[in-house]
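The structure appears below as structure tokens.
Both ligands and their constituent atoms are indexed starting at 1 by order of listing. Nothing fancy with the numbering, it's 1 onward along the sequence.
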Amino acid sequence: MDKRPFSVKERVSRLEEMAAAPLDVLVIGGGITGAGIALDAASRGLRVGLLEKQDFGAGTSSRSTKLIHGGLRYLKQGEIKLVQEVGRERTILYRNAPHIVIPEPMLLPLVKGGTYGRLATSFGLWLYDRLAGVTRKERRVMLSRGKTLQAEPLLRGDILKGGGLYIEYRTDDARLTIETMKTADQYGALCVNYAEATSFVYEDGIAVGIEAADLLGGGSYRIMARKIVNAAGPWGDLLREKDHSLTGKRLHLTKGVHLVVAQDKFPLRQAVYFDVPDGRMIFAIPRGGSTYIGTTDTDYAGSLEKPRVTREEVRYLLDAANAMFPSLRLAEGDVTSSWAGLRPLIHEDGKSPSELSRKDEIFVSPSGLITIAGGKLTGFRKMAERVVDLAGRQLEQETGRSIGGCITDRIVLSGGGFDSPESVPQAIKELTPLAVSAGLGEREVQRLVGKYGVNAGLILERAKAAVPGPGKGLAAADRLLLAEAHYAIHAEMAATIGDFFIRRTGMLLFDRPAIGKALTPVLEAFAAELGWDGEQRTRNREQFDEEYEAAVTFR
Ligand code: FAD
């Protein structure tokens, strides 16, 4: 186990260690797929490195609908095996990370002219429950029209015929990625953000290493590895192109957009998965003081790093929400935040974006590069198992070493160390006296545990202690903010204020108004901890302003 803190200050030492001796497995890409592979490989005793050119999760893995699906829509596509697998995976994830994988009852309203009638929905949900292995108490309930309206009074009454209530699980995708990455780190994987794999190193046509660029410190490294895994999501084909192996199946990128509206403008009581006039279905999900709506699914060919939400997409989602919840009359000005993400799907001739399979596939190129493409957040553990099984078999053949089987179904993710998922409320109660002694209350503990799980205690301890330096003499809420920033820098490798406000805390998405007051103290804390000069401080602020602007303005 690696005892070094997962601190941004330890990035360079990790890069140096990667370059010092050949790795067994080098993973390119620090989204959920790469994080899962790093954890799986490290927990089998392999020497593992992972490079992420942006922040961890900054690609698709912070831009999803944030659900750990049982895969209801796959049932519609006849993908029975996938429904079974993601159902099983959901149960495992709930057990291993109960702080960020939380049951969420989902209402499926039945409307005149909708996709399915009552019988088909009842049967579909019944079958789904059986295939996905849903526990008895979480099985679907069919509701009368009256009961459906009681569950969600905002629904359009004149077309409503009834509803089905079933269980989905909500998550925080960026936090799931960072918790998986931190767990991989605890098992000794060397994971570094803001480090790009720029080219491959070959010996006799076999990829035996990569050249890496440290995008923060400016250094460059040659990292050798017996197996190289391309887990670059939407960037996967670019790496195959660099490897001269972009033949056969290719990626098909589709864009999905989500909008966030304050709860007082969209006071949704209950998550709803509803029909849109064009035949698609979208989600409206309450979260904290907001409700988010999504998603779209359209072909995409623009910037991979910075997909933007367009005015047309805003109109489409607001029209859909206004049609199903007519009292809202939502307008563009009601949108408090937004995000756009790219699905790295595998192309199938003649299929529309929504018809493309979400299945994952592994390609092995003549150079030995292993690429994993497609897939879902929900299935990341299983995807990782398949990749490491393959890499492990190859390593066994090539080196004669014996490599163990996958154990990640039994690995509790960082922050997830509760006695059981049911004991999370008790853990919140137990942490409350500590919060009170820091001048805080149970509400803050709930919020912290919902992000950091059992690690919330570490943040509270710091908030309680007189924070040296910039935090001294501050109000309790401000000390807590600085304690979170400190934790992000030194335990979660946050390198910029964007990492903090977007992916470590989700504030830009779900608590944007609070950023106004938090921005300067957090910027000062990062500058003090990381020794930024005036220019670095300005650059960081400008980069964040750009991301902030992208979340709130549409072209
Ligand atoms: P990414 O998260 O994109 O990670 C790839 C990483 O590789 C990037 O961070 C990138 O910076 C890095 N990289 C690229 N090139 C290099 C290089 N040369 N060197 C170093 N790093 C590099 N799934 C669910 O289960 N539930 C959902 O609710 C859900 N909703 C979705 C909604 C939308 C709109 C979208 C787009 C997807 C959704 N998904 C959902 C799917 C899920 O989000 C993705 O399958 C998953 O996040 C893909 O993760 P990844 O790690 O493969 O890719």
**Request:** Look at ligand 1 and say whether Ala195 reaches it with a heavy atom at a distance under 4.0 Å.
**Result:**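 The answer is yes: ligand 1 sits under 4.0 Å from a heavy atom of Ala195.
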
I'd like to check whether [X] has a polar contact with ligand 1, where a contact means an N/O of the residue lying under 3.5 Å from an N/O of the ligand.
X      : answer
Ile32  : yes
Arg343 : no
Thr254 : no
Thr295 : no
Val257 : no
Thr378 : yes
Leu67  : yes
Leu377 : yes
Ala58  : no
Asp55  : no

Any carboxylate oxygen within less than 4.0 angstrom of a Lys/Arg side-chain nitrogen, looking at [X] and [Y]?
X      : Y      : answer
Glu104 : Lys66  : no
Asp237 : Arg240 : yes
Lys255 : Glu313 : yes
Lys53  : Glu305 : yes
Asp24  : Arg47  : no
Lys182 : Glu179 : yes
Glu85  : Arg88  : no

Of all the atoms in ligand 1, which lie at a distance below 4.0 Å from a heavy atom belonging to [X]?
X      : answer
Arg63  : 33 (C), 34 (C)
Gly341 : 36 (C)
Lys66  : 28 (O)
Gly31  : 2 (O), 4 (O), 51 (O)
Ala231 : 5 (C)
Glu196 : 18 (N), 19 (N)

**Asked** Below 6.0 angstrom between ring centroids: does that apply to Phe325 and Phe274?
**Response**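 Yes, ring centres under 6.0 Å apart.
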
Note the single closest protein heavy atom to [atom], along with its residue, its atom name and the distance in Å.
atom                    : value
atom 45 (O) of ligand 1 : Gly375 O, 3.1 Å
atom 19 (N) of ligand 1 : Ala197 N, 3.0 Å
atom 16 (C) of ligand 1 : Lys53 CD, 3.8 Å
atom 52 (O) of ligand 1 : Thr33 OG1, 2.7 Å
atom 30 (N) of ligand 1 : Thr65 N, 3.0 Å
atom 3 (O) of ligand 1  : Thr60 N, 2.9 Å
atom 53 (O) of ligand 1 : Gly233 CA, 3.5 Å
atom 7 (O) of ligand 1  : Gly29 CA, 3.2 Å

**Prompt:** Which one holds for Ser62 and ligand 1: side chain close, backbone close, both close, or neither close, with close meaning a heavy atom under 4.0 Å?
**Reply:** neither

Winner among [options] once heavy atoms are compared against [atom]:
atom                    : options                       : value
atom 40 (C) of ligand 1 : Lys376, Met383, Lys242        : Lys376
atom 31 (C) of ligand 1 : Ala35, Ser64, Ser61           : Ser64
atom 5 (C) of ligand 1  : Gly256, Ala232, Ala174, Gly59 : Ala232
atom 9 (O) of ligand 1  : Gln54, Glu52, His69, Glu89    : Glu52
atom 14 (C) of ligand 1 : Tyr169, Trp235, Phe56         : Trp235

Indicate yes or no: at least one non-hydrogen side-chain atom of [X] is less than 4.5 angstrom from one of [Y].
X      : Y      : result
Val272 : Pro109 : yes
Ile28  : Phe200 : yes
Glu52  : Cys191 : no
Asp297 : Arg343 : yes

Hey, can you tell me if [X] and [Y] have their rings parallel, tilted or perpendicular (30° and 60° cut-offs)?
X      : Y      : result
Tyr169 : Tyr94  : perpendicular
Phe544 : Tyr548 : perpendicular
Trp339 : Tyr292 : tilted

**Asked** Will you find, in the side chains of Thr408 and Arg381, an N or O donor that is under 3.5 Å from an N or O acceptor?
**Response**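 Yes, because at least one side-chain N or O of Thr408 sits under 3.5 Å from a partner of the opposite role on Arg381.
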
**Asp40 and Tyr187: side chain donor to acceptor below 3.5 Å** =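 Side-chain D/A pair, Asp40 to Tyr187: absent.
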
**Prompt:** So how far is it from Thr291 OG1 to Asp334 CG, rounded to the nearest 0.5 Å?
**Reply:** 11.5 Å

